[in-house]
Amino acid sequence: MAEQSEVPDNIKRIRTRIVLESDIVKNTAATNFPNTYPGIDDSWRHEDFCRVPTMAIEHVFVFNNTSIIADEVLAHRLGLIPIYADPGKFDIKKPGDNATDANTLVFQLKISCEQKPDARPDETDPNKRFINASVYSGDLLWIPQGDQASRFTDDNAIRPVVEDILLAKLRPGQVIDLECHAIKGIAKEHAKWSPVATASYRLLPEITIKQEIVGDLADKFAACFAPGVVEVKKEKGVKRAKIVNPRRDTVSREVLRHKEFQDIVQLSRVRDHFIFNVESIGILPPEKLFMHSVEILVEKCVLLREALERKIEDSMQE
Amino acid sequence: MTESKIPPTYEKQFTANQDEAFQALKQARYGGKGLSDPIKTVEDKWQLLPAFLKVKGLVKQHIDSFNYYINVDLKKIVRANERISSDVDPRFWLKFTDIRVGMPERPDQLDQNRIFTPHECRLRDLTYSAQIYVDIHYVRGNQRVQRKNVSIGRMPIMLRSSHCVLTGKSDAELAQMCECPLDPGGYFIVKGTEKVILIQEQLSKNRIIVEKGDKKAVQAYVTSSTHERKSKTYITAKNDVKNDKIYLKHNSISDDIPIVIVMKAMGVQSDKEIAQLISGGNQTFLNMFAPNIEECAQMKIFTQQQALDYIGSKVKVTRKIATVRRPMAEEALEILATVVLAHVPVENLDFRPKCIYIAIMIRRVLMAMANESLMDDRDYVGNKRLELAGSLLSLLFEDLFKKFNHDLKTNIDKVLKKPNRAQEFDVYNQLQCHGDHITSGFVRAISTGNWSLKRFKMERAGISHVLSRLSYISALGTMTRISSHFEKTRKISGPRALQPSQWGMLCPADTPEGEACGLVKNLALMTHITTDDEEEPLKRLAFILGVEDVSLFTGAELYRPNSYMVFLNGLMLGITRRPMKFVRDFRKLRRRGRISEFVSIYVNHHHAAVHIASDGGRVCRPLIIVDNMAPKVTNKYIQLLKQGKLGFSDFLKRGLVEYLDVNEENDSNIAIYEREIIPETTHLEIEPFTILGAVAGLIPYPHHNQSPRNTYQCAMGKQAIGAIAFNQFERIDTLLYLMVYPQQPLVKTKTIELIGYDKLPAGQNAIVAVMSYSGYDIEDALVLNKASIDRGFGRCQVMRKYVSVLKKYPNGTFDRLADPHQDRKYDILEADGIAGVGERIAPSQVYINKQTPTNLTTLVSNVDISANTYKNAPLFYKSPEPGYVDKVILTTTDSDQTLIKVLIRQTRVPELGDKFSSRHGQKGVCGIIVPQEDMPFTDQGICPDIIMNPHGFPSRMTVGKMIELLAAKAGILKGELQYGTAFSGSKVEDMSRILIENGFSYSGKDYVTSGITGEPLQAYIFFGPVYYQKLKHMVVDKMHARARGPRAVLTRQPTEGRSRDGGLRLGEMERDCLVGYGASMLLMERLMLSSDEFDVHVCENCGLLGHQGWCQHCRSSKYIVTMQMPYAAKLLFQELQSMNIVPRLVLEEY
């Protein structure tokens, strides 16, 4: 097969040509991988999604919950909170293991709602009228166990990544009192351990103009694409459309709806240029996440190679 | 107000600067508009809808009907039965002077605060009812005594009616009472369950209907219904050898009477007069009718006396034997006066009106014989009346009140009969201890749904239904449901078919499938059902407007070409010679508000008649009046409406809008859109989407769907899990399905906003990819994203109520709660013997540790109650899935028993086999749950929540779903909700434009990469959000298998059904397969060995069954053999023997 010989070549090239670009959006990163083989890219995506471990709340011990939200639902909501903790510094707690400071983080949520003494009686906004009318993820209190207090200080302090995730709403007299244990896990088991919101890639769009597009048609042509893809330049008083940045194209295929462009323009994709997009939920920065997933992939490959070698040895012996 | 303000200012301007004023007109553009610009149409006239729904509509008809009953009808009934006298003491009498119903009160007499809320009734299993008070005058000894506010029983109160504590309360006050502000009311709470009295559909009473009867003979019939009598009279044309002859048919006359004899018996003796009354000089009709007159002459009946004698001989006498027999002629006279056509009044034996009525009926028969198209259609909605809670309850009350009076009278007689009374007789004491027949009568009727009123020959079952609280929509659905009780099993299509006249009145989509298809209907959004209205003022008004009294005319004048007969509620008033002017004037007065807005008037040119109707039960709906090609409702009024300065009633009062019933609607020319107005147009539709009902109103773009799909969605929308009411967490229902994260649909409809579905939604907006994926999506199965499920998609809670009553027994003993035992099963009990709230309950754990006394018979004195022994009767949690104790309530019922309700909650995550549906009748089960990384993704990295197989589209033709996806996708890109309202809604073109603006393909199809291979898919995928409902059918409730298990006691065969851990039946058809295949041993195993195999001892000598090797018949054990047979067969033999049939077994070697 022709492709088989190509793959190693590609991998060689990848090593040399990884470019990381940070996009404007916080916690996302887009990466260009020219000349790769789709299968490999997809494996990275898979690793990002389901193999990179994080910490998430798994056990919730409810002592008292008089809010309208049911215990299971509240526990489910707690589980989905991203916890800012470096998963590399924890062990995976296997079933039957005891909870230790090496594999478990403990949080406490103890909150009750009361009337605000200085609130106006005609106040309708519950947040102004009551204390703790809304419970947020920021109300979770980390209880350091063992030497955790010394291990995670300052910037590394264990906390929810985002402080304003609404967990429940309370009214005067209602109480939530619970303890939660966060453990390390992978997204294959439950989506709450996913380190990313999305990790995906697309192929680099390619727009070929077979014929020059000039005049008003050029403006119309430019309008068919996302801003920045096509530039209309005046050259010698003639407007001329020019493809500037096909990467920004969203591939809406809008041009093809117009008869005048149908034969002039060809939309395609560079089949081996991947634009990788990782949107982290904030526990690990996307760059790190990416490296992490590569490591896991490498590990897997090594494992596979070892297994293969052993298999070959076995068959040779026979 | 505004109208009067404008002219003076305008005038001032006009006089002051005349030139300037004209200047504006001379310009090409005036007020920013050119002369050739299109005339501005009334925008937002749909704003009338919320205004309408505030005062009428949806559930309001129930409430209006109940209010009419409780405030008006009740008094009428009492007035008709106001007097009770005694057969024993002629001086005694009692008179009810007034009746009224109080506010609902708690039945516990000792309570300080007796005002109570409907929610308390639901929780405590009470009846939401109020005292019925009467004022009485009566004789005590020699005095006349007056007493006020004497309670005679309790009346169930309809929620949100005039006597309900909830009416007129603000949302905050309702919340205080644990009541949902969106709950429509209109139902009753009886013994803790919510009951709806369904709307009943009937043929209209007291109207002539001409139809083809048996043997294709034309017949006209009237179902007369008055308070005194109900009867049905036919006038039939019987096929003779030569001519059709006309006869009168009635239940109380044994034979058909030639119609001329009837006329003669009623005093029209002259043949000429009869002929004239019927034909009115029309030669065709005269010729057709002539044989009847001939027949009468041949029978030698010429005078009234002869005719009465003839009829008298045929009358069925139902008189008691004791009374004196009257001459037959008198018998006939009475029947003709009071029973035949009972609703036509005969005063002082003046038969004239009845004669004319019969003549009209005959004429209608003749007309239908001459021209078949003049036959009436009994499926026509104008010929139907809808019976509501009010009229049904008033029948019930009339019956109960008459019974009450009768019982009271016999009681009084019993006391008065005694010669020496120690005390002076006071009927008040009798009233006080009279029992609770009225209360229990109401409760029984509403809770069982059986209206059996012997007095009115009424025997109906299934009148009331439990209000379905599966979802908010299902509750609304039961409130608007109409059931027609007749002909459910017959296979005729007529009544089931969609009737053109139900346009705007009954929803064309919302009907169940199967047996009741087309018979159970639903009201459309803007309908109202009328209540009875006074006839007398209308009669007077008609005469004022130029109607000439009937009794002044002979036949010749009756049918003159230009004269129209005027009918009021089916009874002839007289004649008008200018029908169009009469109708116009009449309508003008109605629009001015001089007569009730629900009185309808229309002209029937075929019958040359004007019909006025003021009776109850007609369906009607509001329409905008069009005058001179312009709708009367203009933007100005709509603006005022928006500002809240005008209400719907103001629109009615000002004559901008009026109600039309079906008959009048069909006499009008109604434009659907303003652009369609032509000179003949009389009315304009308020909004076309109001032809759909509340349930069908949820469907976005229903006008793009194949019609059965909308019908399917109507059935499924009621099964969707979502939010039920704002008080859903306060409720303790037998079964409650709640969605954890319900969302309002991205594509809304106007109806959704009007009924509040956006506040109590049942579904979630799922990102759907329409593509095939794996093999697990065939036959409508869906592929679900595991990560979506992990994040809460389709999560729902199921709460089930478990009840126990701590009974008090007549011997003084009572049930009690006991301490928990030291046993795992009793782990979750608290010290009071009831499970703790929040505890996880596993199958077969105890949630109430009840004990019952062993001694239930002998009386125990208070002293040794403590010495009483008890046996354990704990309540086990039987569901196979563990749950959590959500709520526990301890209270007392009205019979003072302690009631314990435990609510147990399960939270369920979607799993394989759970049922989902979009809003387009596209249901499917979850076929596979796929991890997110294996799901396909778009360029933006979006993974679908659901993958739907595209094969669902071609045969279903649910284009609406595709447009919904497109609109929803455009909606999220633009950050707003889109509308998919029927016959309008966001346009596809606009939606596509939004998609293009945001860099998507106009078609809604995206470039998608496979999550498995990492390669792009070969086709663009239709990708976007669609509103998906989770339906109540979940696998955990249905999953069932059994190897061995319980057996039925009688037959020893495995039990039936999942709830009894039953076996799976190898049915008759499966058996046929095995028989056909010849697998006899397999058959033997399935039907006997795995079922009810039994060893029997058979005597080969006599062939009877023996016992333990002994034949009792032969008194020998010599011939006994043992064999196996099904226990059921052995049982059959023994049962046959008990009936003196001897089955004998003849055995052979096998």
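Letters go in sequence order (proteins before strands), and every chain restarts at 1.
Between A/Thr250 and B/Asp939, every side-chain heavy-atom pair lies at or beyond the 4.5 Å cut-off. Using a 4.5 Å heavy-atom threshold, the side chains of B/Arg791 and A/Ser194 count as touching. In this structure, B/Gln940 and A/Thr198 have side chains that are not in contact, with every pair of non-hydrogen atoms separated by 4.5 Å or more. Between A/Arg253 and B/Tyr1020, the closest side-chain pair of non-hydrogen atoms falls below 4.5 Å.
Both the backbone and the side chain of B/Lys1005 come within less than 4.5 Å of a heavy atom of chain A. Proximity to chain A (any heavy atom under 4.5 Å) is shown, for B/Ile942, by neither the backbone nor the side chain. Contacts between B/Tyr884 and chain A at a heavy-atom distance below 4.5 Å involve the side chain alone, from C-beta outward. Residue B/Ser1010 touches chain A through its backbone alone, counting heavy-atom pairs closer than 4.5 Å.
Scanning residues 75-83 of chain A against chain B with a 4.5 Å non-hydrogen threshold yields A/His76, A/Arg77, A/Leu80, sorted by number.
Put simply, CG on A/Leu203 and OG1 on B/Thr1009 are 6.5 Å apart, with the number rounded to the nearest 0.5 Å. Atom OG of A/Ser67 and atom CZ of B/Phe729 lie 9.5 Å apart (nearest 0.5 Å).
In this structure, B/Lys786 contributes its side chain and A/Ala191 its backbone to no donor-acceptor pair below 3.5 Å.
Judged as a salt bridge (Lys or Arg N to Asp or Glu O under 4.0 Å), and not counting sequence neighbours, A/Arg248 has no contacts.
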